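All values below come from the heavy atoms of this structure, side chains included, with hydrogens, waters and symmetry mates left out. Being a predicted model, the structure only gives us computed values, none of them experimental.
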Amino acid sequence: MTINIGILAAGCIGTALLVLTAARRPTLALAWWVMLGVVLAEYMLFPGATALHVHVIHLLLAGLLIGFAIGWSPASAPGRLELPMLAFMAWAIVSGFLSGTIFREAGAESIRTLLSGFAIPVLIFYLARSTVQSPAALRTACGVLTVLLGYLIVTAFAEHFQVRWLVFPEYILDPTIGIHAEKSRGPVVNGAENGGIMAILLLVALHRVRYAFTPSVRWLATLTLLVTGVPALWFTQERAPWVAFAAGLLIMLLHEPGRGVASVLGAIAVVAIPIIMWLHIEVVPRRQGTIDFRMGLYREALTSFKEHPITGWGTGTFTNANHLFDARHRSTTFSHGVEHDTIVAMATDTGAIGALLYVSFLAGIFRSLLNLRRSARSAEGRDFTVTSLAVLTTFVINGMFADARFWMPQNALVFFLAGLALAIRSDVSRKPARELAFAGSPSMCAGEACVCASHSPWLSSANAVRRRFPQQLAEAGRSRPRWE
């Protein structure tokens, strides 16, 4: 077994840094882990191993969890938002046992990949949701993700124009790793997933620049983002990210603070549209028989779904060529891949039960974000909630064109942003500041988790706090940021 010493050493150092960061600044640590989850998506600790598949990102996750265990106190326990996804993962395993796919070749690998694709992102979602956020923490997290977008844009241009020395990691240029070798596929080595991540990060960056510069510089930064980000999105040669990004951007433009973005888009259109028409540039890649392909996909998927509507064919049946149907039921050939639609793939693999559990998870997050937007009492908090809604919409639409079940980096990014938005809680912000914490207590810290919704254990009541610390409470009430 060959061990890459350099990768292992870097992973250990990164793990130690994440432990320290997570103990003091949990939101920043989560943002760094999400970013590294994209950049190091395919880095293995033991690249020569045939059975021990340990990614560097798993080692970094261990450091993140250790740091949270040292210095983090959850604001809430896992609740109704996480429950449908936990039930879905349990059902995926049960479905594999009932259908027998887990006992076939690569069956256990399909289960492991599925759990990794959802278990880790849901954990990130819970950690972010249970850490009450401050404005500074959310701006820092969005700033880290904007840096990630810059990296992906540079990599997309380098891939497209074959500037090999700019491409990192080097495995991106290896056609034997991943899929879509002829496209700009980024460190996730998948054009569709790379495009989806860039579309999501573009929305986050557009939100971030609104609170970073003066109006004139902000307009220029927005223009730069769109001028560089949109071509990078085009280099992926995938339609889904385009459609998904347009839907997410529409949600942000319908929100009142998005008028600046609309003016920038109008300025770009005035210049870009004549150039595109003059040079006959193909903006969206054309494919023959797209409608026929989609109709065939849904027709064959429905036929298969009718045979096992409740439990499905078993996890991995439609995404692993080694066990595509039982021989007594169907041929091992399937003309249309159901992996081009997440919900369809779930319905055929895990039946109606699995599909409903997944949809209920997304619907619960949508509903919570909508309620939070209505009750928001600050412009920045409301803007971030709308951005999270736009990101979730982009994620769902992108999943209608590709199977996103196994895309752990993209899932972790989306769930992280949703968790951050849901950490802006109306019940906390509406309480008087003097009843939340007092200066010098563990809940009054700078920068990040500076809001605590419960009384300190050594004080019997808020009245005791007021009697003992009148001056500090008055200062805390004046300085505490109000989000909702």
Chemist: Are any non-hydrogen side-chain atoms of I57 and L59 less than 4.5 angstrom apart?
Modeler: no
Chemist: Output all residues satisfying ring-ring contact (aromatic ring centres under 6.0 Å, His included) with F245, sequence neighbours left out; order by chain, then residue number.
Modeler: none
Chemist: How would you list all residue pairs meeting ring-ring contact (aromatic ring centres under 6.0 Å, His included) that involve residues 175-205, not counting sequence neighbours?
Modeler: none
Chemist: Of the non-hydrogen atoms in P187 and A41, which two are nearest, and what is the gap between them?
Modeler: O-CB, 3.7 Å
Chemist: Does the side chain of L18 come within less than 4.5 Å of L61's, by heavy atoms?
Modeler: no
Chemist: Answer yes or no: is there an ion pair linking E170 with R164, defined by an N-O contact shorter than 4.0 Å?
Modeler: no
Chemist: Check whether any side-chain heavy atom of H207 sits under 4.5 Å from a side-chain heavy atom of C142, and report yes or no.
Modeler: yes
Chemist: Mind checking side-chain hydrogen bond (donor to acceptor under 3.5 Å, both in side chains) for R80 and listing every partner two or more places apart, or none if nothing turns up?
Modeler: none
Chemist: Are the side chains of L369 and V386 in contact, using a 4.5 Å heavy-atom criterion?
Modeler: no
Chemist: Taking side-chain contact (heavy atoms from CB on, under 4.5 Å) as the definition, give me every residue that meets it alongside A22, ordered by chain and number, with sequence neighbours left out.
Modeler: A29, L64, F68
Chemist: Can you see which heavy atom on A128 is nearest to which on L420, and at what distance?
Modeler: CB-N, 3.9 Å
Chemist: Verify the neighbour count for atom CH2 of W91: are there more than 12 heavy atoms of other residues, nucleotides or ligands below 6.0 Å?
Modeler: yes
Chemist: Restricting to ring-ring contact (aromatic ring centres under 6.0 Å, His included), what partner residues turn up for F168, sequence neighbours left out?
Modeler: none
Chemist: State whether the side chain of N411 and the backbone N or O of G117 hold a donor-acceptor pair below 3.5 Å, judged by distance alone.
Modeler: yes
Chemist: Quick one: does any side-chain atom of S95 pair with a main-chain N or O of T311 as donor and acceptor, under 3.5 Å?
Modeler: yes
Chemist: Rounded at 0.5 Å granularity, tell me how far CD1 in I365 sits from CG in L417.
Modeler: 11.0 Å
Chemist: Using a 3.5 Å distance criterion without hydrogens, assess whether the side chain of T348 forms a donor-acceptor pair with backbone atoms of A345.
Modeler: yes
Chemist: If we only count heavy atoms from C-beta on, is the L225 to L149 side-chain gap below 4.5 Å?
Modeler: yes
Chemist: Between V167 and V163, is there a side-chain heavy-atom distance shorter than 4.5 Å?
Modeler: no
Chemist: Which pair of non-hydrogen atoms, one from T385 and one from A421, has the smallest distance, and what is that distance?
Modeler: CA-CB, 4.4 Å
Chemist: Indicate the atoms forming the closest heavy-atom contact of F401 with A240, along with that distance.
Modeler: CB-CB, 3.3 Å
Chemist: Does T15 reach the main-chain N or O of G63 with its side chain, forming a donor-acceptor pair under 3.5 Å?
Modeler: no
Chemist: Check whether any side-chain N or O of T27 sits under 3.5 Å from a backbone N or O of Q133 as a donor-acceptor pair, and report yes or no.
Modeler: no
Chemist: Hey, do the aromatic rings of F118 and F88 have their centres closer than 6.0 Å?
Modeler: yes
Chemist: Once side-chain hydrogen bond (donor to acceptor under 3.5 Å, both in side chains) is applied, do any residues pair with E82, and if so which ones, sequence neighbours excluded?
Modeler: R129
Chemist: Return a table of donor-acceptor pairs under 3.5 angstrom between the side chains of residues 353-361 and protein atoms on other chains or two or more places apart.
Modeler:
residue, atom, partner, partner atom, Å
S360, OG, L356, O, 3.1
S360, OG, L357, O, 2.7

Chemist: Just to verify, what does A221 make a side-chain contact (heavy atoms from CB on, under 4.5 Å) with, not counting sequence neighbours?
Modeler: V209, F213
Chemist: Kindly state each residue pair satisfying salt bridge (charged side-chain N to carboxylate O under 4.0 Å, His left out) with at least one member in residues 240-252, sequence neighbours excluded.
Modeler: none
Chemist: What do the steps show when you test F125 against L81 for side chain to side chain contact (heavy atoms under 4.5 Å, CB included), and what is the final call?
Modeler: CA-CA 10 Å; F125 170 76; L81 288 176; 4.1 Å; yes
Chemist: Look only at the side chain of R218 and the backbone of R210, and say whether a donor-acceptor pair between them is shorter than 3.5 Å.
Modeler: yes
Chemist: With sequence neighbours left out, write down each residue that passes side-chain contact (heavy atoms from CB on, under 4.5 Å) with T393, or none if nothing qualifies.
Modeler: A247, I251, F366, I397
Chemist: State, with a plain yes or no, whether a side-chain heavy atom of M346 is found less than 4.5 Å away from one of V344.
Modeler: no
Chemist: Restricting to non-hydrogen atoms, name the atom on L233 and the atom on P241 that form the minimum distance, rounded to 0.1 Å.
Modeler: CD1-CB, 3.9 Å
Chemist: Closer than 3.5 angstrom, by distance alone: can the side chain of Q410 be matched with the main-chain N or O of M408 as a donor-acceptor pair?
Modeler: no
Chemist: Measure the CH2-CG distance between W32 and L148 for me, rounded to the nearest 0.5 Å.
Modeler: 10.0 Å
Chemist: Can any side-chain N or O of R185 pair as donor or acceptor with the backbone N or O of I172 at less than 3.5 Å?
Modeler: yes
Chemist: Rounded at 0.5 Å granularity, tell me how far OG1 in T387 sits from CG in L138.
Modeler: 11.0 Å
Chemist: For the pair N190 and W407, evaluate side chain to side chain contact (heavy atoms under 4.5 Å, CB included) and give the outcome as yes or no after the intermediate values.
Modeler: CA-CA 9 Å; N190 182 327; W407 295 355; 3.5 Å; yes
Chemist: Are F384 and L389 side-chain neighbours, meaning at least one heavy-atom pair lies under 4.5 Å?
Modeler: no
Chemist: Quick one, I120 with H58, criterion side chain to side chain contact (heavy atoms under 4.5 Å, CB included). Give me CA distance, side-chain angles, the key distance, then yes/no.
Modeler: CA-CA 9 Å; I120 294 177; H58 295 158; 4.0 Å; yes
Chemist: Name all residues meeting the ring-ring contact (aromatic ring centres under 6.0 Å, His included) criterion together with Y151; count only those two or more places apart in sequence or in a different chain, and write none if there are none.
Modeler: none
Chemist: Using 0.5 Å steps for rounding, measure from the NE2 atom of H308 to the CG atom of D349.
Modeler: 11.5 Å
Chemist: Test of understanding: with side-chain contact (heavy atoms from CB on, under 4.5 Å), list the residues that count as partners of I177, not counting sequence neighbours.
Modeler: Y171, D174, V189
Chemist: Between T236 and S184 (side chain of the first, backbone of the second, donor and acceptor by atom type, cut-off under 3.5 Å), is there such a pair?
Modeler: no
Chemist: On a heavy-atom basis, which atom in P409 and which in V38 lie closest, and how many Å separate them?
Modeler: CB-CG2, 4.0 Å
Chemist: Could you tell me the separation between the CG atom of L30 and the OG1 atom of T21, rounded to the nearest 0.5 Å?
Modeler: 11.0 Å
Chemist: Rounded to the nearest 0.5 Å, what separates atom CG in L372 from atom CZ in R367?
Modeler: 12.5 Å
Chemist: Could you go step by step and tell me if R374 and L370 meet the side chain to side chain contact (heavy atoms under 4.5 Å, CB included) rule?
Modeler: CA-CA 6 Å; R374 296 190 188 101; L370 285 173; 4.2 Å; yes
